Amino acid sequence: MSRAIDRDSQRFKKIVRGKIRDDLKKYVTQGEMLGRKGRETVSIPVPNIQIPHFRHGKKGSGGVGQGEGDEGQPIGKGGRPGEGDGPGTAGNEPGRHIREVELSMEELADMLGEALALPNIQPKGKDEISSTKDRYNSVRRTGPDSLRHVKRTYKRALKRSIAAGEFDPRNPVVIPVRDDEEYRSWTTRPEPQANAAVIYMMDVSGSMTDEQKGIVRTEAFWIDTWLKKQYGGLQRRYVVHDAVAHEVDEDTFYRTRESGGTRISSAYAACEKIIARDFPPDQWNIYAFQFSDGDNWGEDNADCLAKLTGGLLPHCNLFCYGQVESPYGSGDFIRELRRVESDHEQLILSEIENRDAIFDSIKDFLGTGR
Amino acid sequence: MPFSTHRPLPAEIKALQDSIEAKAAEYGLDFFDTVFEMVDYDEMSMLAAYGGFPVRYPHWRFGAEYDEMMKSYSYGLSKIYEMVINTDPCYAYLLTANELADQKLVIAHVYGHCDFFKQNAWFSKTNRRMLDQMANHAARINRYVDRFGYEEVEKFIDRCLSVEDLIDPHLPFATPREEVARQAEQARKRRETAPPGDRFEAKDYMDEFVNPPDALRERDRERKERDDASRDARHFPERPERDVLLFLLDHAPLKDWQHDVLSIVRDEAYYYFPQGQTKIMNEGWASYWHTTIMTQFALDPSEVVTYADHHSGTMATSPQRLNPYKLGIELFRDIEERWNKGQFGPEWDACEDRVAKENWDRKLGLGREKIFEVRRVHNDVTFIEEFLTPEFCAKHKMFSFAYNDASDYYEIASREFQKIKQQLLTSLTNHGRPVIRVLDGNYRNRGELLLGHDWGGVELRQDWARATLTNLSELWGRPVNLETIVDEQPAIMFCDGGEFDVTPKGPRIRRRETARRGG
């Protein structure tokens, strides 16, 4: 039986989701989700889905309590607004907390896609048969009773009895015989699965402050969320570099702090190596994302361009360079890349001024649908 | 359609109910028939979300409540043991999963509530057929949903709920408005038909001289002018009105269905208000009776530990929150003891000998009788006003606390009896919510609404006030103003839906004065 409360709950959930959608930009740019991620879901705090009333503020407010203590002794924090009536009203109910809503990563990716009007990615035509799936979509003449197709069986029996002149419309009894029986059956179909790999490269040199790295990580998280939704078995690799590059695991990428000079070509070399080792380009959709403040060792730029145009760009669906504005860096590197930008449609450049720019930057990168 | 039809109680529980009911009656409790039903936690949460009723109109906030209750239960943060609704007969719900000792406790507790509902004066005007009424409300609103769409109706309900507590708790006890109007009309008629009282008595032939026509005409003209002037100056409403919802119903440009929805919200607000007014007494009274019945009658020795555990859980206090169960039961016990020992009256009040007061025992034995009387006539405010004593405050280590702006902490403010009592009464008045009145329905002669906030030392929460005013302006259809105090200055909040601003009242008036002087 459908219950009234289910309708009200559904409606409430819809409002909550709407609220998240409205505030999505805030959630995206603040990166607070990273710490709240479970295996498949994230908890998102949604304050204030409440009906406003005239209420007293904290200023001048108070109440009566019971227990030990002297005058002036603190008994509780003021609390953030939105947490209900607070003390002062007598009550036995527990205090109201900010509501946390569990959302699946998939739902979140959908919202992001909707908000940024991201096109679904059309994988390159390198589908590889990587799995099979059984579907019950055919019939057979033999099988277990549990799979007997009653409707088809009776239809056959009816046809047979009419053909044999046994059917009497005034006494429409149809009795199937062994020959009439049909059973549901399955076919095994190969499921094409597009192989996709994404390689994140991050500059962790001295000129990249924690704020810059935070921006990169936040953006990488959202790119990841989106790509994961587009490809079934997305593979990820992470590279951090200063003057030398290291391949690291996901955890290190999201947490590491380093410093030193900058040699971007080292990251490109590491990236080439990973592709050659793990992802033969004719079988994989490859995405590369590089983030830096653009402050490269001057002589290294030529080397970078050579590696990029020679070894990387031809292999990648997308090569995205995000330049995070830094108080220290020169930001020259993007100018170098601009010179070759028009020759390579898979090369996408984006300047990320601050946290607020993350949203648009994601759109720059993923808006191509490649 | 109700989510469940009534299911008969298991025989074991039914037997418990019968014996506890008989015992409660023996103690002198007088209640409506009480119908118990066993529900699982899911159903209990659903009922609780709907304020105790199986059928309510559709609205997301019930879903939100339900969601919160189910979550906090699944995280082990809270659990609803019992629920009872004030109708005739009373309906009460028992949790299927409860142990037998808990069921006894709850049943005994429920009879306390049912007696209170039936006997307490503040409930005397509530609709005891609220079960039907709620279903009727649901049917009406569902009809509007069918006609105007869910979103449209929901949006409007949101607005109504935003102001649902702007009602006048004393209105149910006041003379109905039609009666007041009728009496005023009668008085007016009497005045008109009565002979003019301001003529001096005189023989006919002397009349012209004793009551000169010119002077009389002049006096009539003056009086008429005065009447006209006073009619023009008359406020609309004539006196500040606390039932803002009624004022909106009477004067706001609402469509028929909106009018109906608002009146439904108002009806339900009036139904729930007395429960808020008597929370401490009601819970105290029910707790008093569950302990009495359990310890003197229903408790099996094997259940003592479970009972003690759960009873003490209900009575637990915390520094920041006054537990109404605890405060209520202790006050009732205190009153019972005082009236048993004769610790009241002028002689008691006049006595200043501490030792004599401690040993005071006139053996009057009036306690029981007294608490039955108290539960009949008081509400929380008068209950505290009348029966909270310095001795009680000291014994229960009560203190008042206040918010410290500088540290963002609530701090213990005082252990002085008068201050504690004052603070407690302030928190209980109007549920500790701001009192708002309609001052003018034609403010600035522009059809704007002017409300006044009875400032009692605590300022309004700005963001909520703003959101609420926005909703009000949608209902009123014209800009809405609120006289209040902002940053310790008298101010007027103005809201026309989109725009919102706060004008300090003092400076603006002063500016106008200087302008006049300058000109």
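The sequence lines fix the lettering, A, B, ..., with proteins before strands; numbering per chain opens at 1. Quantities reported herein were computed from a predicted structural model and do not represent experimental measurements.
The aromatic rings of B:His453 and A:His56 sit tilted, their planes meeting at an angle between 30° and 60°.
Using a 4.5 Å cut-off between heavy atoms, B:Glu416 does not touch chain A at all. With a 4.5 angstrom heavy-atom cutoff, B:Lys326 touches chain A only via side-chain atoms. With a 4.5 angstrom heavy-atom cutoff, B:Glu154 touches chain A only via side-chain atoms. For B:Glu488, the part sitting under 4.5 Å from any heavy atom of chain A is the side chain, from C-beta outward, and nothing else. Contacts between B:Thr317 and chain A at a heavy-atom distance below 4.5 Å involve the side chain alone, from C-beta outward. Only the side chain of B:Asn142 has a heavy atom closer than 4.5 Å to any heavy atom of chain A. Contact of B:Ile436 with chain A is made through the side chain alone, with heavy-atom distances under 4.5 Å. With a threshold of 4.5 angstrom between heavy atoms, B:Leu472 approaches chain A through side-chain atoms but not through N, CA, C or O. Looking at B:Asp380, there are no atoms closer than 4.5 Å to chain A (heavy atoms on both sides), in backbone or side chain.
Using a 4.5 Å heavy-atom threshold, the side chains of B:Trp60 and A:Val16 count as separate. Contact annotation: the side chain of B:Tyr150 approaches that of A:Arg11 to within less than 4.5 Å [non-hydrogen atoms, C-beta and beyond]. Proximity of A:Ile15 to B:Arg61: side-chain heavy atoms (C-beta onward) are nowhere separated by under 4.5 Å. Side-chain contact between B:Asp487 and A:Lys59 is present, with heavy atoms from C-beta onward closer than 4.5 Å. Proximity of B:Leu469 to A:Phe54: side-chain heavy atoms (C-beta onward) are separated by under 4.5 Å at one or more points. Looking at B:Tyr410 and A:Ser61, their side chains come closer than 4.5 Å, going by heavy atoms from C-beta outward. A 4.5 Å side-chain heavy-atom check between A:Ile75 and B:Tyr409 finds every atom pair outside the cut-off. Side-chain atoms of A:Lys58 and B:Arg461, non-hydrogen and from C-beta on, never get closer than 4.5 Å to each other.
The two residues A:Pro52 and B:Ser162 make their nearest non-hydrogen contact at O-OG, 2.6 Å.
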For A:Ile5 and B:Arg56: C-alpha separation, side-chain torsions, deciding distance, then whether side-chain contact (heavy atoms from CB on, under 4.5 Å) applies.
CA-CA 9 Å; A:Ile5 198 75; B:Arg56 293 292 294 273; over 6 Å; no

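With sequence neighbours excluded, no residue forms a ring pair (Phe, Tyr, Trp, His ring centres under 6.0 Å) with B:Phe399.
The backbone N or O of B:Glu164 sits nowhere less than 3.5 Å from a side-chain atom of A:His53 that would complete a donor-acceptor pair. Judged purely by atom type and a 3.5 angstrom limit, A:Asp8 uses its side chain to pair as donor or acceptor with the backbone of B:His59.
Residues A:Arg3 and B:Tyr66 bring a donor and an acceptor atom of their side chains to less than 3.5 Å of each other.
Of the listed residues B:Ala467, B:Ser400, B:Ser45, B:Pro434, the one with more heavy-atom pairs under 4.5 angstrom with chain A than any other is B:Pro434. Interface summary for chain A: among B:Thr426, B:Asp42, B:Asn404, the most heavy-atom pairs under 4.5 angstrom belong to B:Asp42. Taking chain A as the reference chain and counting heavy-atom pairs below 4.5 Å, the highest number among B:Ser407, B:Pro58, B:Ala316, B:Ala413 is found for B:Pro58.
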Contacts table for residues 62-74 of chain A: side-chain donor-acceptor under 3.5 angstrom, sequence neighbours left out:
residue, atom, partner, partner atom, Å
A:Gln66, NE2, B:His396, O, 3.2
A:Glu68, OE2, B:Lys397, NZ, 3.0
A:Gln73, OE1, A:Asp70, N, 3.4

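Distance OG/A:Ser9 to CE/B:Met46: 9.0 Å, rounded to 0.5 Å.
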